[in-house]
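All figures in this text were calculated on a predicted structure; none of them were measured in a lab. Heavy atoms only: backbone and side chains are in, while hydrogens, waters and symmetry mates are out. Quick note on labels: first sequence line is chain A, next is B, and so on, each numbered from 1.
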Protein chains: 2
Amino acid sequence: MDKNVSAAVIRRLPRYYRYLTDLLKVDIKRISSKELSERMGITASQIRQDLNCFGGFGQQGYGYNVESLYRELGKILGVDKRFNAIIIGAGNMGNALANYPNFKRRGYDLIGIFDINPELVGKEISGITIQSIDELESFIGKNKTDIAILTIPSQSISEVAEKVAALGVKGIWNFSPQDLKLSGDVVVENVHLSDGLMVLGYKIGELEQQNR
Amino acid sequence: MDKNVSAAVIRRLPRYYRYLTDLLKVDIKRISSKELSERMGITASQIRQDLNCFGGFGQQGYGYNVESLYRELGKILGVDKRFNAIIIGAGNMGNALANYPNFKRRGYDLIGIFDINPELVGKEISGITIQSIDELESFIGKNKTDIAILTIPSQSISEVAEKVAALGVKGIWNFSPQDLKLSGDVVVENVHLSDGLMVLGYKIGELEQQNR
DNA sequence: TAGATTGTTAATCGATTAACAATC
DNA sequence: TAGATTGTTAATCGATTAACAATC
(Lines give C-alpha, C1' and ligand atoms only; values in the text may rest on other atoms or scores of the structure.)
Protein backbone atom coordinates (compact mmCIF):
# COMPACT_ATOMS: atom_id res chain seq x y z
CA MET A 1 0.00 0.00 0.00
CA ASP A 2 0.89 3.69 0.07
CA LYS A 3 2.26 3.67 -3.45
CA ASN A 4 0.59 4.97 -6.57
CA VAL A 5 -1.99 6.83 -4.55
CA SER A 6 -3.59 9.32 -6.90
CA ALA A 7 -3.41 13.06 -6.35
CA ALA A 8 -7.20 13.16 -6.10
CA VAL A 9 -7.12 10.87 -3.09
CA ILE A 10 -4.30 12.77 -1.41
CA ARG A 11 -6.11 16.08 -1.74
CA ARG A 12 -9.10 14.60 0.02
CA LEU A 13 -7.09 13.45 3.03
CA PRO A 14 -6.86 16.87 4.71
CA ARG A 15 -10.61 17.12 4.29
CA TYR A 16 -11.16 13.84 6.10
CA TYR A 17 -8.79 15.06 8.74
CA ARG A 18 -10.80 18.23 9.25
CA TYR A 19 -14.08 16.36 9.56
CA LEU A 20 -12.55 13.98 12.07
CA THR A 21 -11.33 16.96 14.09
CA ASP A 22 -14.90 18.19 14.23
CA LEU A 23 -16.18 14.78 15.31
CA LEU A 24 -13.61 14.62 18.08
CA LYS A 25 -14.69 18.05 19.27
CA VAL A 26 -18.26 16.90 19.76
CA ASP A 27 -17.04 13.71 21.39
CA ILE A 28 -18.18 11.23 18.76
CA LYS A 29 -16.26 8.00 19.27
CA ARG A 30 -17.05 6.03 16.16
CA ILE A 31 -18.35 6.67 12.68
CA SER A 32 -19.40 4.55 9.73
CA SER A 33 -18.43 5.43 6.19
CA LYS A 34 -22.14 5.92 5.54
CA GLU A 35 -22.58 8.54 8.23
CA LEU A 36 -19.37 10.32 7.32
CA SER A 37 -20.44 10.33 3.69
CA GLU A 38 -23.65 12.12 4.62
CA ARG A 39 -21.77 14.75 6.58
CA MET A 40 -19.17 15.33 3.89
CA GLY A 41 -21.37 15.01 0.84
CA ILE A 42 -19.32 12.31 -0.85
CA THR A 43 -20.09 8.61 -1.29
CA ALA A 44 -19.38 6.05 1.40
CA SER A 45 -17.76 3.95 -1.27
CA GLN A 46 -15.25 6.65 -2.01
CA ILE A 47 -14.39 7.08 1.64
CA ARG A 48 -13.70 3.36 2.05
CA GLN A 49 -11.68 3.25 -1.17
CA ASP A 50 -9.66 6.28 -0.18
CA LEU A 51 -8.83 5.06 3.29
CA ASN A 52 -7.95 1.60 2.03
CA CYS A 53 -5.15 3.07 -0.02
CA PHE A 54 -3.34 3.39 3.28
CA GLY A 55 -4.62 0.49 5.33
CA GLY A 56 -7.67 -1.15 6.82
CA PHE A 57 -8.48 1.38 9.50
CA GLY A 58 -12.05 0.21 10.01
CA GLN A 59 -13.71 -2.78 11.53
CA GLN A 60 -16.56 -4.72 9.95
CA GLY A 61 -19.86 -4.21 11.67
CA TYR A 62 -18.47 -1.32 13.69
CA GLY A 63 -17.12 1.37 11.41
CA TYR A 64 -14.14 3.53 12.21
CA ASN A 65 -12.85 4.61 15.57
CA VAL A 66 -12.70 8.38 15.23
CA GLU A 67 -9.68 8.97 17.38
CA SER A 68 -7.53 6.24 15.90
CA LEU A 69 -8.48 7.14 12.33
CA TYR A 70 -7.65 10.75 13.15
CA ARG A 71 -4.27 9.71 14.45
CA GLU A 72 -3.56 7.51 11.43
CA LEU A 73 -4.45 10.25 8.98
CA GLY A 74 -2.34 12.68 10.96
CA LYS A 75 0.60 10.33 10.58
CA ILE A 76 0.06 9.99 6.83
CA LEU A 77 -0.11 13.76 6.49
CA GLY A 78 2.97 14.29 8.61
CA VAL A 79 1.12 16.32 11.25
CA ASP A 80 2.99 14.42 13.95
CA LYS A 81 6.35 15.44 12.53
CA ARG A 82 8.03 18.79 13.15
CA PHE A 83 9.12 20.76 10.11
CA ASN A 84 11.32 23.82 10.26
CA ALA A 85 10.05 26.51 7.94
CA ILE A 86 11.27 29.85 6.68
CA ILE A 87 9.34 32.60 4.95
CA ILE A 88 10.95 34.42 2.07
CA GLY A 89 9.21 37.71 1.34
CA ALA A 90 8.06 39.71 4.36
CA GLY A 91 5.29 41.58 2.58
CA ASN A 92 1.64 41.37 3.43
CA MET A 93 1.23 37.71 2.63
CA GLY A 94 4.45 36.70 4.35
CA ASN A 95 3.35 38.64 7.36
CA ALA A 96 -0.07 36.99 7.40
CA LEU A 97 1.42 33.52 7.15
CA ALA A 98 3.94 34.21 9.89
CA ASN A 99 1.00 34.86 12.17
CA TYR A 100 -1.08 31.97 10.85
CA PRO A 101 -2.14 29.84 13.81
CA ASN A 102 -2.71 26.61 11.86
CA PHE A 103 0.91 26.68 10.99
CA LYS A 104 2.17 25.39 14.29
CA ARG A 105 -0.84 23.14 14.61
CA ARG A 106 0.17 21.30 11.44
CA GLY A 107 3.67 20.64 12.67
CA TYR A 108 5.51 23.61 11.21
CA ASP A 109 7.89 25.77 13.23
CA LEU A 110 8.80 29.11 11.77
CA ILE A 111 12.50 29.65 12.27
CA GLY A 112 13.33 32.52 9.93
CA ILE A 113 11.98 35.31 7.78
CA PHE A 114 13.86 36.92 4.90
CA ASP A 115 13.37 39.89 2.65
CA ILE A 116 15.32 41.72 0.00
CA ASN A 117 14.15 45.16 1.16
CA PRO A 118 16.75 46.70 3.54
CA GLU A 119 14.03 48.74 5.22
CA LEU A 120 12.31 45.61 6.47
CA VAL A 121 15.49 43.90 7.66
CA GLY A 122 15.76 44.05 11.45
CA LYS A 123 12.03 44.43 12.01
CA GLU A 124 10.19 41.75 13.90
CA ILE A 125 7.26 39.62 12.80
CA SER A 126 5.67 37.16 15.17
CA GLY A 127 8.75 37.27 17.38
CA ILE A 128 11.19 36.64 14.55
CA THR A 129 13.62 39.22 13.20
CA ILE A 130 13.56 39.73 9.45
CA GLN A 131 16.93 38.99 7.88
CA SER A 132 18.41 40.06 4.60
CA ILE A 133 18.04 37.59 1.78
CA ASP A 134 21.84 37.69 1.59
CA GLU A 135 21.92 35.79 4.88
CA LEU A 136 19.82 32.96 3.45
CA GLU A 137 22.62 30.63 2.47
CA SER A 138 24.53 30.89 5.71
CA PHE A 139 21.31 30.60 7.71
CA ILE A 140 20.22 27.37 6.02
CA GLY A 141 23.75 26.07 6.43
CA LYS A 142 23.48 26.52 10.18
CA ASN A 143 19.79 25.71 10.70
CA LYS A 144 18.07 22.63 9.33
CA THR A 145 15.36 24.03 7.09
CA ASP A 146 12.65 21.71 5.79
CA ILE A 147 10.38 24.03 3.89
CA ALA A 148 10.53 27.47 2.33
CA ILE A 149 7.43 29.57 1.98
CA LEU A 150 7.77 31.87 -0.97
CA THR A 151 5.73 35.05 -0.76
CA ILE A 152 7.71 37.07 -3.26
CA PRO A 153 6.80 38.55 -6.64
CA SER A 154 6.68 36.32 -9.74
CA GLN A 155 9.78 37.71 -11.39
CA SER A 156 12.17 36.44 -8.74
CA ILE A 157 10.31 33.24 -7.92
CA SER A 158 12.20 30.66 -9.97
CA GLU A 159 15.60 32.04 -9.06
CA VAL A 160 14.83 31.92 -5.34
CA ALA A 161 13.13 28.54 -5.63
CA GLU A 162 16.15 27.03 -7.33
CA LYS A 163 18.42 28.55 -4.74
CA VAL A 164 16.58 27.10 -1.73
CA ALA A 165 16.27 23.77 -3.53
CA ALA A 166 20.02 23.72 -4.08
CA LEU A 167 20.51 24.50 -0.39
CA GLY A 168 18.63 21.33 0.50
CA VAL A 169 15.14 22.47 1.38
CA LYS A 170 12.67 19.59 0.99
CA GLY A 171 9.47 21.46 0.26
CA ILE A 172 8.33 24.75 -1.20
CA TRP A 173 5.02 26.42 -0.54
CA ASN A 174 4.67 28.81 -3.45
CA PHE A 175 2.35 31.79 -3.21
CA SER A 176 3.40 33.47 -6.43
CA PRO A 177 1.16 33.12 -9.48
CA GLN A 178 4.05 31.58 -11.38
CA ASP A 179 4.06 27.79 -11.70
CA LEU A 180 7.19 26.26 -10.27
CA LYS A 181 8.82 23.30 -11.91
CA LEU A 182 11.78 21.95 -10.00
CA SER A 183 13.77 18.83 -10.51
CA GLY A 184 13.89 15.83 -8.29
CA ASP A 185 14.44 16.23 -4.65
CA VAL A 186 12.08 19.00 -3.69
CA VAL A 187 8.31 18.95 -3.55
CA VAL A 188 6.22 21.98 -4.43
CA GLU A 189 2.77 23.05 -3.39
CA ASN A 190 1.41 25.96 -5.40
CA VAL A 191 -1.30 28.20 -4.01
CA HIS A 192 -2.14 30.65 -6.82
CA LEU A 193 -4.71 32.75 -4.99
CA SER A 194 -5.59 34.74 -8.06
CA ASP A 195 -6.64 31.54 -9.84
CA GLY A 196 -9.33 31.10 -7.22
CA LEU A 197 -10.41 34.66 -7.76
CA MET A 198 -10.84 34.01 -11.47
CA VAL A 199 -12.73 30.78 -10.89
CA LEU A 200 -15.01 32.76 -8.61
CA GLY A 201 -15.52 35.29 -11.40
CA TYR A 202 -16.36 32.46 -13.78
CA LYS A 203 -18.86 30.91 -11.39
CA ILE A 204 -20.60 34.24 -10.80
CA GLY A 205 -20.91 34.66 -14.55
CA GLU A 206 -22.49 31.21 -14.82
CA LEU A 207 -24.86 31.95 -11.98
CA GLU A 208 -26.02 35.18 -13.57
CA GLN A 209 -26.59 33.45 -16.87
CA GLN A 210 -28.82 30.88 -15.18
CA ASN A 211 -30.89 33.53 -13.43
CA ARG A 212 -31.71 35.22 -16.69
CA MET B 1 -21.42 25.43 -25.68
CA ASP B 2 -20.48 26.74 -22.25
CA LYS B 3 -22.75 24.30 -20.46
CA ASN B 4 -21.70 21.20 -18.57
CA VAL B 5 -18.10 22.28 -18.54
CA SER B 6 -16.37 20.14 -15.94
CA ALA B 7 -14.71 21.61 -12.87
CA ALA B 8 -11.38 20.19 -14.04
CA VAL B 9 -11.53 22.28 -17.20
CA ILE B 10 -12.58 25.43 -15.36
CA ARG B 11 -9.71 25.15 -12.91
CA ARG B 12 -7.28 25.00 -15.81
CA LEU B 13 -8.57 28.21 -17.38
CA PRO B 14 -6.73 30.58 -15.02
CA ARG B 15 -3.59 28.65 -15.79
CA TYR B 16 -4.00 29.18 -19.51
CA TYR B 17 -4.67 32.81 -18.77
CA ARG B 18 -1.43 33.13 -16.84
CA TYR B 19 0.61 31.53 -19.58
CA LEU B 20 -0.95 33.79 -22.17
CA THR B 21 -0.08 36.79 -20.01
CA ASP B 22 3.54 35.65 -20.10
CA LEU B 23 3.44 35.20 -23.88
CA LEU B 24 2.04 38.69 -24.32
CA LYS B 25 4.83 40.08 -22.17
CA VAL B 26 7.49 38.65 -24.44
CA ASP B 27 5.56 39.83 -27.47
CA ILE B 28 4.64 36.44 -28.93
CA LYS B 29 1.76 36.95 -31.33
CA ARG B 30 0.60 33.44 -32.03
CA ILE B 31 0.92 30.01 -30.52
CA SER B 32 -0.01 26.48 -31.50
CA SER B 33 -1.52 24.04 -29.04
CA LYS B 34 1.62 21.98 -29.49
CA GLU B 35 3.96 24.75 -28.43
CA LEU B 36 1.75 25.81 -25.54
CA SER B 37 1.56 22.18 -24.43
CA GLU B 38 5.34 22.01 -24.22
CA ARG B 39 5.49 25.18 -22.16
CA MET B 40 2.75 24.12 -19.78
CA GLY B 41 3.51 20.45 -19.52
CA ILE B 42 0.08 19.22 -20.58
CA THR B 43 -1.02 17.62 -23.85
CA ALA B 44 -1.92 19.64 -26.90
CA SER B 45 -5.03 17.53 -27.17
CA GLN B 46 -6.19 18.64 -23.77
CA ILE B 47 -5.62 22.28 -24.58
CA ARG B 48 -7.71 22.03 -27.73
CA GLN B 49 -10.44 20.09 -25.95
CA ASP B 50 -10.52 22.58 -23.09
CA LEU B 51 -10.69 25.65 -25.28
CA ASN B 52 -13.33 24.11 -27.50
CA CYS B 53 -15.69 23.91 -24.56
CA PHE B 54 -16.07 27.64 -25.04
CA GLY B 55 -15.64 28.13 -28.75
CA GLY B 56 -13.33 27.71 -31.68
CA PHE B 57 -10.72 30.29 -30.82
CA GLY B 58 -8.06 28.89 -33.12
CA GLN B 59 -7.50 28.75 -36.81
CA GLN B 60 -6.44 25.67 -38.74
CA GLY B 61 -2.91 25.84 -40.00
CA TYR B 62 -2.17 28.90 -37.88
CA GLY B 63 -2.83 28.16 -34.23
CA TYR B 64 -4.17 30.68 -31.75
CA ASN B 65 -3.75 34.41 -31.77
CA VAL B 66 -2.34 35.10 -28.32
CA GLU B 67 -3.97 38.43 -27.74
CA SER B 68 -7.43 37.43 -28.87
CA LEU B 69 -7.33 34.14 -26.94
CA TYR B 70 -6.19 36.10 -23.89
CA ARG B 71 -9.12 38.44 -24.28
CA GLU B 72 -11.60 35.60 -24.76
CA LEU B 73 -10.39 33.75 -21.68
CA GLY B 74 -10.52 36.97 -19.74
CA LYS B 75 -14.15 37.36 -20.71
CA ILE B 76 -14.98 33.80 -19.69
CA LEU B 77 -13.28 34.34 -16.33
CA GLY B 78 -15.01 37.66 -15.77
CA VAL B 79 -11.76 39.60 -15.63
CA ASP B 80 -13.34 42.31 -17.79
CA LYS B 81 -16.18 42.81 -15.31
CA ARG B 82 -15.93 44.89 -12.15
CA PHE B 83 -16.92 43.20 -8.91
CA ASN B 84 -17.39 45.03 -5.64
CA ALA B 85 -15.84 43.12 -2.79
CA ILE B 86 -15.81 43.37 0.97
CA ILE B 87 -13.51 41.69 3.45
CA ILE B 88 -14.94 40.35 6.67
CA GLY B 89 -12.26 39.76 9.26
CA ALA B 90 -9.48 42.35 9.44
CA GLY B 91 -6.88 40.05 10.93
CA ASN B 92 -3.61 39.13 9.29
CA MET B 93 -5.12 37.37 6.31
CA GLY B 94 -7.76 40.04 5.76
CA ASN B 95 -5.06 42.62 5.90
CA ALA B 96 -2.88 40.77 3.41
CA LEU B 97 -5.74 40.36 0.95
CA ALA B 98 -6.72 44.00 1.24
CA ASN B 99 -3.25 44.85 -0.01
CA TYR B 100 -3.18 42.10 -2.61
CA PRO B 101 -2.30 43.69 -5.95
CA ASN B 102 -3.82 40.97 -8.15
CA PHE B 103 -7.11 41.81 -6.63
CA LYS B 104 -7.75 44.91 -8.68
CA ARG B 105 -6.08 43.32 -11.67
CA ARG B 106 -8.70 40.57 -11.70
CA GLY B 107 -11.59 43.01 -11.68
CA TYR B 108 -12.27 43.26 -7.97
CA ASP B 109 -12.73 46.58 -6.18
CA LEU B 110 -12.48 46.52 -2.43
CA ILE B 111 -15.24 48.72 -1.03
CA GLY B 112 -15.38 47.74 2.63
CA ILE B 113 -13.68 45.95 5.50
CA PHE B 114 -15.45 44.67 8.59
CA ASP B 115 -14.42 43.23 11.91
CA ILE B 116 -16.08 42.23 15.15
CA ASN B 117 -13.22 43.55 17.29
CA PRO B 118 -14.02 47.13 18.48
CA GLU B 119 -10.31 47.88 18.76
CA LEU B 120 -9.86 47.45 15.02
CA VAL B 121 -12.92 49.47 14.03
CA GLY B 122 -11.92 52.90 12.76
CA LYS B 123 -8.45 51.86 11.71
CA GLU B 124 -7.48 52.02 8.09
CA ILE B 125 -6.27 49.27 5.78
CA SER B 126 -5.28 50.03 2.24
CA GLY B 127 -7.17 53.32 2.38
CA ILE B 128 -10.38 51.80 3.71
CA THR B 129 -11.72 52.31 7.22
CA ILE B 130 -12.58 49.15 9.13
CA GLN B 131 -16.22 49.10 10.14
CA SER B 132 -18.01 47.16 12.82
CA ILE B 133 -19.64 43.95 11.69
CA ASP B 134 -22.88 45.48 13.00
CA GLU B 135 -22.76 47.91 10.08
CA LEU B 136 -22.67 45.08 7.57
CA GLU B 137 -26.35 44.87 6.79
CA SER B 138 -26.87 48.58 6.31
CA PHE B 139 -23.66 48.83 4.27
CA ILE B 140 -24.67 46.11 1.82
CA GLY B 141 -28.10 47.71 1.62
CA LYS B 142 -26.53 50.94 0.43
CA ASN B 143 -23.60 49.58 -1.59
CA LYS B 144 -23.91 46.90 -4.26
CA THR B 145 -21.69 44.11 -2.97
CA ASP B 146 -20.81 41.24 -5.28
CA ILE B 147 -18.46 39.15 -3.22
CA ALA B 148 -17.56 38.71 0.42
CA ILE B 149 -14.11 37.54 1.42
CA LEU B 150 -14.29 35.70 4.69
CA THR B 151 -11.11 35.77 6.73
CA ILE B 152 -12.66 34.95 10.08
CA PRO B 153 -12.30 31.97 12.43
CA SER B 154 -14.09 28.71 11.69
CA GLN B 155 -16.61 28.96 14.48
CA SER B 156 -18.39 32.00 13.07
CA ILE B 157 -17.97 31.13 9.40
CA SER B 158 -21.32 29.55 8.56
CA GLU B 159 -23.31 32.16 10.43
CA VAL B 160 -21.57 35.02 8.63
CA ALA B 161 -21.72 33.20 5.29
CA GLU B 162 -25.46 32.69 5.58
CA LYS B 163 -25.90 36.30 6.56
CA VAL B 164 -24.07 37.74 3.56
CA ALA B 165 -25.81 35.24 1.29
CA ALA B 166 -29.18 36.41 2.60
CA LEU B 167 -28.12 39.99 1.97
CA GLY B 168 -27.66 39.17 -1.71
CA VAL B 169 -23.94 38.68 -2.12
CA LYS B 170 -23.22 36.58 -5.21
CA GLY B 171 -19.92 34.99 -4.29
CA ILE B 172 -17.97 34.02 -1.21
CA TRP B 173 -14.23 33.55 -1.04
CA ASN B 174 -13.78 31.44 2.07
CA PHE B 175 -10.42 31.35 3.84
CA SER B 176 -11.57 29.43 6.91
CA PRO B 177 -10.75 25.72 7.12
CA GLN B 178 -14.47 24.96 7.43
CA ASP B 179 -16.23 23.79 4.26
CA LEU B 180 -19.10 26.02 3.34
CA LYS B 181 -22.27 24.60 1.93
CA LEU B 182 -24.78 27.23 0.92
CA SER B 183 -27.99 26.91 -0.99
CA GLY B 184 -28.69 28.14 -4.45
CA ASP B 185 -27.91 31.65 -5.37
CA VAL B 186 -24.42 32.12 -4.06
CA VAL B 187 -21.19 30.58 -5.30
CA VAL B 188 -18.37 29.63 -2.97
CA GLU B 189 -14.67 29.28 -3.51
CA ASN B 190 -12.85 27.65 -0.62
CA VAL B 191 -9.16 28.21 -0.06
CA HIS B 192 -8.23 26.01 2.93
CA LEU B 193 -4.59 26.96 3.23
CA SER B 194 -3.91 24.39 5.90
CA ASP B 195 -4.96 21.62 3.51
CA GLY B 196 -2.10 22.62 1.27
CA LEU B 197 0.22 22.52 4.23
CA MET B 198 -0.82 18.97 5.02
CA VAL B 199 -0.47 17.87 1.40
CA LEU B 200 3.02 19.32 1.53
CA GLY B 201 3.69 17.29 4.67
CA TYR B 202 2.45 14.17 2.91
CA LYS B 203 4.62 14.78 -0.14
CA ILE B 204 7.72 15.34 1.97
CA GLY B 205 7.03 12.05 3.72
CA GLU B 206 6.79 10.28 0.36
CA LEU B 207 9.98 11.90 -0.83
CA GLU B 208 11.88 10.79 2.24
CA GLN B 209 10.61 7.26 1.86
CA GLN B 210 11.90 7.14 -1.71
CA ASN B 211 15.32 8.41 -0.73
CA ARG B 212 15.77 5.64 1.76
C1' DT C 1 -1.16 24.69 -53.77
C1' DA C 2 1.18 22.23 -49.87
C1' DG C 3 1.91 22.35 -45.07
C1' DA C 4 0.30 23.15 -40.72
C1' DT C 5 -2.81 22.92 -37.20
C1' DT C 6 -7.26 23.13 -35.72
C1' DG C 7 -11.94 21.09 -34.18
C1' DT C 8 -13.95 16.90 -33.21
C1' DT C 9 -14.80 12.00 -33.02
C1' DA C 10 -13.17 7.66 -31.24
C1' DA C 11 -10.15 4.98 -28.06
C1' DT C 12 -8.01 4.66 -23.77
C1' DC C 13 -7.24 5.35 -19.29
C1' DG C 14 -8.29 6.34 -14.55
C1' DA C 15 -11.43 7.53 -10.98
C1' DT C 16 -15.84 6.91 -8.90
C1' DT C 17 -19.67 4.12 -7.70
C1' DA C 18 -22.03 -0.23 -6.91
C1' DA C 19 -22.18 -4.71 -5.16
C1' DC C 20 -21.22 -8.25 -2.10
C1' DA C 21 -18.56 -11.72 0.37
C1' DA C 22 -15.87 -11.51 4.58
C1' DT C 23 -16.05 -10.71 9.31
C1' DC C 24 -16.54 -8.15 13.53
C1' DT D 1 -26.11 -15.57 16.73
C1' DA D 2 -27.97 -11.75 13.72
C1' DG D 3 -27.02 -7.28 12.11
C1' DA D 4 -23.97 -4.04 10.57
C1' DT D 5 -20.36 -2.44 8.06
C1' DT D 6 -16.04 -3.08 6.30
C1' DG D 7 -12.51 -4.29 2.50
C1' DT D 8 -12.35 -5.36 -2.13
C1' DT D 9 -13.70 -6.76 -6.71
C1' DA D 10 -16.42 -5.56 -10.66
C1' DA D 11 -19.18 -2.11 -13.33
C1' DT D 12 -19.82 2.46 -14.65
C1' DC D 13 -18.81 6.84 -15.60
C1' DG D 14 -16.03 10.73 -16.93
C1' DA D 15 -11.77 12.75 -18.28
C1' DT D 16 -7.68 12.46 -21.00
C1' DT D 17 -5.32 11.15 -25.07
C1' DA D 18 -4.98 9.75 -29.87
C1' DA D 19 -6.28 10.12 -34.49
C1' DC D 20 -7.71 12.33 -38.47
C1' DA D 21 -10.74 14.80 -41.61
C1' DA D 22 -11.67 19.67 -42.27
C1' DT D 23 -9.71 23.88 -43.52
C1' DC D 24 -6.91 27.95 -43.13
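- Here the two rings, on A/Tyr70 and A/Tyr16, have centers that are 6.0 Å apart or farther.
- Distances shown here put every side-chain N or O of B/Tyr62 at or beyond 4.0 Å from the OP1 or OP2 atom of C/dG7.
- Contact annotation for B/Arg12: backbone-only contact, meaning every heavy-atom pair under 4.0 Å involves sugar-phosphate atoms and none involves a base.
- Rounded to whole Å, atom P of C/dT5 lies 11 Å from atom CD of B/Glu38.
- When distances run from any side-chain atom of A/Gln49 to the nucleotides D/dT8, C/dC24, D/dT6, the shortest one goes to D/dT8.
- Closest to the side chain of B/Arg48, out of D/dC20, D/dT17, D/dT8, is D/dC20.
- Residue B/Gln46 has its side chain nearest to D/dT16 when only D/dT6, D/dT16, D/dG7 are considered.
- Of the candidates C/dT16, C/dA18, D/dT6, C/dA18 carries the atom nearest the A/Ser45 side chain, counting heavy atoms from C-beta on.
- As a whole-Å value, the separation of B/Asn52 CG from C/dT8 C1' is 8 Å.
- Sorted by first and then second residue, the ring-ring contact (aromatic ring centres under 6.0 Å, His included) pairs with a member in residues 159-182 of chain B read B/Trp173-B/Phe175; sequence neighbours excluded.
- Contact annotation: A/Thr43 side-chain N/O to C/dT17 OP1/OP2 distance is under 4.0 Å.
- When ring centroids are compared, A/Tyr108 and A/Phe103 come within the 6.0 Å threshold.
- In this structure, A/Ile10 atom CD1 and C/dA15 atom C1' are separated by 14 Å, rounded to whole Å.
- The CG atom of B/Asn65 sits 14 Å away from the C1' atom of D/dC24 (whole-angstrom rounding).
- The salt bridge (Lys or Arg N to Asp or Glu O under 4.0 Å) contacts involving residues 43-65 of chain B comprise B/Arg12-B/Asp50, where partners must be two or more places apart or lie in separate chains.
- Under the Watson-Crick and G-U wobble criteria, each requiring two contacts below 3.5 Å, nucleotide D/dC24 is paired to C/dG3.
- Under the Watson-Crick or G-U wobble criterion, with both distances below 3.5 Å, D/dT8 is paired with C/dA19.
- In this entry the distance linking CG of A/Leu51 with P of D/dG7 reads 8 Å, nearest Å.
- Look at CZ on B/Phe54: it is 17 Å from C1' on C/dT8, rounded to the nearest Å.
- Phosphate contact (OP1/OP2 of C/dC24, side-chain N/O of A/Tyr64, threshold under 4.0 Å): absent.
- Between B/Phe57 and A/Gly61, it is B/Phe57 whose nearest contact on DNA chain C lies nearer the 5' terminus.
- No donor-acceptor distance shorter than 3.5 angstrom exists from the side chain of A/Asp146 to the backbone of A/Lys170, with no hydrogens or angles considered.
- A straight line from NZ of A/Lys34 to C1' of C/dA18 spans 15 Å, rounded to a whole angstrom.
- Between A/Val9 and B/Gln60, the one whose closest nucleotide on DNA chain C sits nearer the 5' end is B/Gln60.
- Pairing for C/dG14 goes to D/dC13, judged as Watson-Crick or G-U wobble with the two contacts each under 3.5 Å.
- Rounded to a whole Å, the CD1 atom of A/Ile42 is 9 Å from the P atom of C/dT16.
- Of the N and O atoms on the side chains of B/Thr145 and B/Asn143, not one donor lies less than 3.5 Å from an acceptor on the other residue.
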